[in-house]
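So the structure is just underneath, and the comments pick up after that.
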2 protein chains.
Amino acid sequence: MSRTWNQYIVKQENKALVLKTIIEHTPISRAKVAQVTGLNKGTVSSLVSELIDEHFVMESGPGESSGGRRPVMLLFNQAAGYTIALDLGVGYIDAALTDLNGEIMVKKHAKMHERQFDTVFEHIVSTIHTLMKEMKKSPYGLVGIGMGVPGVVNHEGEILLAPNLNWKNIQLKQALNDVFDVPVIVENEANAAAYGEMRFGFKTPPKHMLYLSVGMGIGMGMVLDQKLYTGLNGFAGEMGHITIVKDGINCRCGNAGCFERYASEQALLEQAIKRGLVTGNEEASVDLLIQKATENNEAVIALFKEIGEYIAIGITTMINLFNPEQILIGNQLSKLQPWIKEDIQAYVYSHAIGFHSKKVTVDFTSPNHLSTIKGMASFTIENFLLSIKQTEE
Amino acid sequence: MSRTWNQYIVKQENKALVLKTIIEHTPISRAKVAQVTGLNKGTVSSLVSELIDEHFVMESGPGESSGGRRPVMLLFNQAAGYTIALDLGVGYIDAALTDLNGEIMVKKHAKMHERQFDTVFEHIVSTIHTLMKEMKKSPYGLVGIGMGVPGVVNHEGEILLAPNLNWKNIQLKQALNDVFDVPVIVENEANAAAYGEMRFGFKTPPKHMLYLSVGMGIGMGMVLDQKLYTGLNGFAGEMGHITIVKDGINCRCGNAGCFERYASEQALLEQAIKRGLVTGNEEASVDLLIQKATENNEAVIALFKEIGEYIAIGITTMINLFNPEQILIGNQLSKLQPWIKEDIQAYVYSHAIGFHSKKVTVDFTSPNHLSTIKGMASFTIENFLLSIKQTEE
DNA sequence: TAACTTTGTCCAACATATAGACAAACAAAA
DNA sequence: TTTTGTTTGTCTATATGTTGGACAAAGTTA
């Protein structure tokens, strides 16, 4: 049975439209909402009063008059509920309690070198419990938990493979749902970051955006038409394993010449060691190399530029395939920005097909942007608002 | 002003749903439509009677009884209007008159070695006029013209670059609109073929499908969520110019190591000549080489397999990036299928990330499938039905 | 102070989907 | 044949929700 259209649906859609308008323009008057949406004033009034009853909207005293009766300003009640979003990284766990606007209320950061799933899971659960205690009384309470992970996640929230954690076939969503009775969303870290940046990183969100996560491995999050694209099973964006050098270096994936064998954090560190840029008693790390580069270590800077060129090749491929509006480079290697940004932009400019006619921007975003956290919060919030709409039908 | 929802919209949407159901299930009774859509029988009755008034639907005598009153069968009136779809190839022009179901009524094929735009355009116009004369009297007449071209087309129907025709910045849509007073759609050939195959090539259309057009150049049509994806400006799918061999053969695009320098018809012919597989008085062509391969010419077969391996690398990239349900290889080099299909499938199977968990099928489609024509017809028909809906609002 | 503006509510009019009754047309069992 | 039950499609009453306009309240401006 397909979706039919009747009065109930019309009402739910209009109500969602009104709420969306209030969220985007908060604070705003009923009259303005009617003007912006094109709905009749009366319709807006009645829908708003329902939204107030449901605690999604609040009235906040009178606003400025524009030559007539002063408007009653409406606010989105971002405190009507909370989400908990987590970013499970390699070596750390970030977590945050957010309101319904995705604004971070409380933040937690923990180093985590243990990789055994049971141990990590225990830590996750206790972190969530801690954050839950920080919630103030609210009409809807915790509306969802979102979790970004560095691995391949299917549409059922199962982690099929997380090479850098050494995890395989972990039913993470199921495990969390066994403990917490709220909707749980598990998504790939790059996908979440892509969405988070699209939603919160721009004045006007780009139509098509690609986020290249260059960490230990390389992943790509694709936001096409402002919606996350994940492919048939959820595995889209395996950018790290496209071939850019035929018959190149072998990759553990079974392929050879994979992008991430040349452009990732791992590739960077391997090369640094191989070239003797790290002395015996130093531990190879991005930060260490950056320090050396800052001290004008020519060899390190040259290595950065080499890695940068490979990244540029990947970016060019992305542009040629997707004709996006925006490309964002994130995760660890975005820290190399000062040494590679100009070169990458120059390379892309001269190598992408018909670049001049395209209006693509290539930028960097820093790891402390919390893109993944924000993206996961967005997913849970949108999922919650959608579920409200549907249960009312 | 955003889109609001009211009774008019509800009615138009439901009417569209009823029409879609009739098109997909033709012949079908009103009762069945109600059952399939979930709409009330009365609602279906009144909408159907409007559709009949508008000549989109016809009644065709009584159907088989299933133990009660015999149903009145409804047919989609595919003869309510016509479209003309063209496939502008390198060296030929295909054209067809189709009904509103996209079924081809009249077909024209013409060799065309002249590349001067004015000459080609004249030929196009006269072909369209010829086909228009074949139309029978119908309520809506010609509802649109669709044209697939081997080049980069923007959203305004302008051909920015068609290297194999040596065209640049041609306002094709505008030129056609100056002559014909119907909606004109111009689209890249691979995009059209992708859509055409998705719509007509499967029992159940795949959710995400990629069509790799391997001709003189290489283009990719992307149908994601059963909708054509063309990127910000319409330039998405420039698969021919992604780098698969770093510092490889130079390409006229300014890049080096481009996919189409290794896997296209052009690459094939160049190599054949270079290796002396074509004698002085023969003209190098795909068909000639196929003939030699059929005669068990080992060197030619080896060349085919080499080209096949490069194609496989490209396909693997596509799978890793998009996690599609279906991949289709089309255009000239699909003729190499007998020599390369198995190798490609084996390569993809062993090189694509987590292949086993993915349900992707890699197939070939022959050039005489008229995929491009059918895709362009689909575009014009859908555009027409949409415009009807909107003008009624 | 009077006249005009803006805001938000209320109410009648209208459009359209739904449920259910009903008649027509048929098949199968008695 | 007759009867019974089923399926189809139409019709009517009802419910719902939007629209447009009237109107009061609360401002501003001349």
Side-chain angles (χ1 to χ4, degrees), chain A residues 1-18 21-22 25 27-53 57-75 389 392-393, chain B residues 1-18 21-22 25 27-53 57-75 389 392-393:
Chain A
M1 210 157 81
S2 36
R3 175 166 189 184
T4 64
W5 301 80
N6 54 40
Q7 291 286 57
Y8 300 92
I9 304 267
V10 166
K11 185 172 172 186
Q12 294 317 319
E13 292 294 336
N14 280 338
K15 199 153 132 186
L17 178 62
V18 168
T21 309
I22 294 174
H25 296 77
I28 187 176
S29 69
R30 284 167 239 255
K32 208 88 194 165
V33 171
Q35 202 186 321
V36 170
T37 59
L39 287 166
N40 185 279
K41 284 191 296 172
T43 309
V44 170
S45 262
S46 90
L47 293 177
V48 163
S49 84
E50 284 187 28
L51 286 170
I52 289 177
D53 287 346
V57 169
M58 295 186 310
E59 290 186 334
S60 85
E64 284 290 294
S65 160
S66 59
R69 169 176 165 182
R70 291 166 70 185
V72 178
M73 302 315 270
L74 301 170
L75 300 177
K389 211 167 79 178
E392 279 184 3
E393 270 169 19
Chain B
M1 211 158 79
S2 37
R3 175 166 188 182
T4 64
W5 303 80
N6 55 37
Q7 292 287 45
Y8 300 94
I9 305 265
V10 167
K11 185 171 173 184
Q12 294 317 319
E13 292 293 336
N14 280 338
K15 199 153 132 185
L17 179 61
V18 168
T21 309
I22 294 174
H25 296 77
I28 187 177
S29 69
R30 285 167 236 254
K32 207 90 195 161
V33 170
Q35 201 187 320
V36 170
T37 59
L39 287 166
N40 185 277
K41 286 189 296 172
T43 309
V44 170
S45 262
S46 89
L47 293 177
V48 163
S49 84
E50 284 187 27
L51 286 169
I52 290 177
D53 288 347
V57 169
M58 294 186 311
E59 290 186 333
S60 86
E64 283 290 294
S65 159
S66 58
R69 169 175 166 182
R70 291 165 69 185
V72 178
M73 301 315 272
L74 301 170
L75 300 178
K389 211 168 76 178
E392 278 183 4
E393 270 168 21

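These values consider heavy atoms only, across backbone and side chains, with no hydrogens, waters or symmetry-generated copies. The chains referred to below are lettered A, B, ... by the order of the sequence lines, with proteins before strands, and numbering in each begins at 1.
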Between [atom2] on [N] and [atom1] on [X], what's the gap in Å once rounded to a whole number?
X	N	atom1	atom2	result
Tyr8(A)	dG17(D)	OH	P	6 Å
Gln7(A)	dT19(D)	CD	P	10 Å
Leu39(A)	dG20(D)	CG	C1'	14 Å

Item to check | side chain to side chain contact (heavy atoms under 4.5 Å, CB included) partner of Ser29(B), chosen from Pro71(B), Ser66(B), Pro62(B) | outcome: Pro71(B)
Item to check | Where chain B begins and ends its contact with DNA chain C, read 5' to 3' at 4.0 Å from heavy atoms | outcome: dA15(C) to dA27(C)
Checklist entry - How close do Ser60(A) and Leu75(A) get, heavy atom to heavy atom, and via which atoms? => result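 Result for this residue pair: CB-CD1, 3.5 Å.
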Checklist entry - What closest approach, in Å, do Lys15(A) and Leu47(A) show between heavy atoms, and which atom pair accounts for it? => result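 For Lys15(A) versus Leu47(A), the nearest heavy atoms are N-CD1, 3.8 Å.
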Checklist outcome for this item: Sorted by chain and number, sequence neighbours left out, side-chain hydrogen bond (donor to acceptor under 3.5 Å, both in side chains) with Lys11(A) holds for Glu50(A)
Checklist outcome for this item: Residue pairs meeting salt bridge (Lys or Arg N to Asp or Glu O under 4.0 Å), one or both in residues 58-69 of chain B, sequence neighbours left out, come to Arg30(B)-Glu59(B)
Checklist entry - Quick one: what's the B/S/- string for nucleotides 5-11 of chain D, heavy-atom cutoff under 4.0 Å, read 5' to 3'? => result BBBBBBB
Checklist entry - Partners of Ser46(A) by side-chain contact (heavy atoms from CB on, under 4.5 Å), sequence neighbours excluded? => result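 By the side-chain contact (heavy atoms from CB on, under 4.5 Å) rule, Ser46(A) matches no residue at all.
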Item to check | Partner set under side-chain contact (heavy atoms from CB on, under 4.5 Å) for Ser65(A), not counting sequence neighbours | outcome: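 Per chain and number, Ser65(A) pairs via side-chain contact (heavy atoms from CB on, under 4.5 Å) with Arg70(A).
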Item to check | Donor-acceptor contact below 3.5 Å, side chain Asn14(A) vs main chain Leu17(A) | outcome: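 Not a single qualifying donor-acceptor pair exists.
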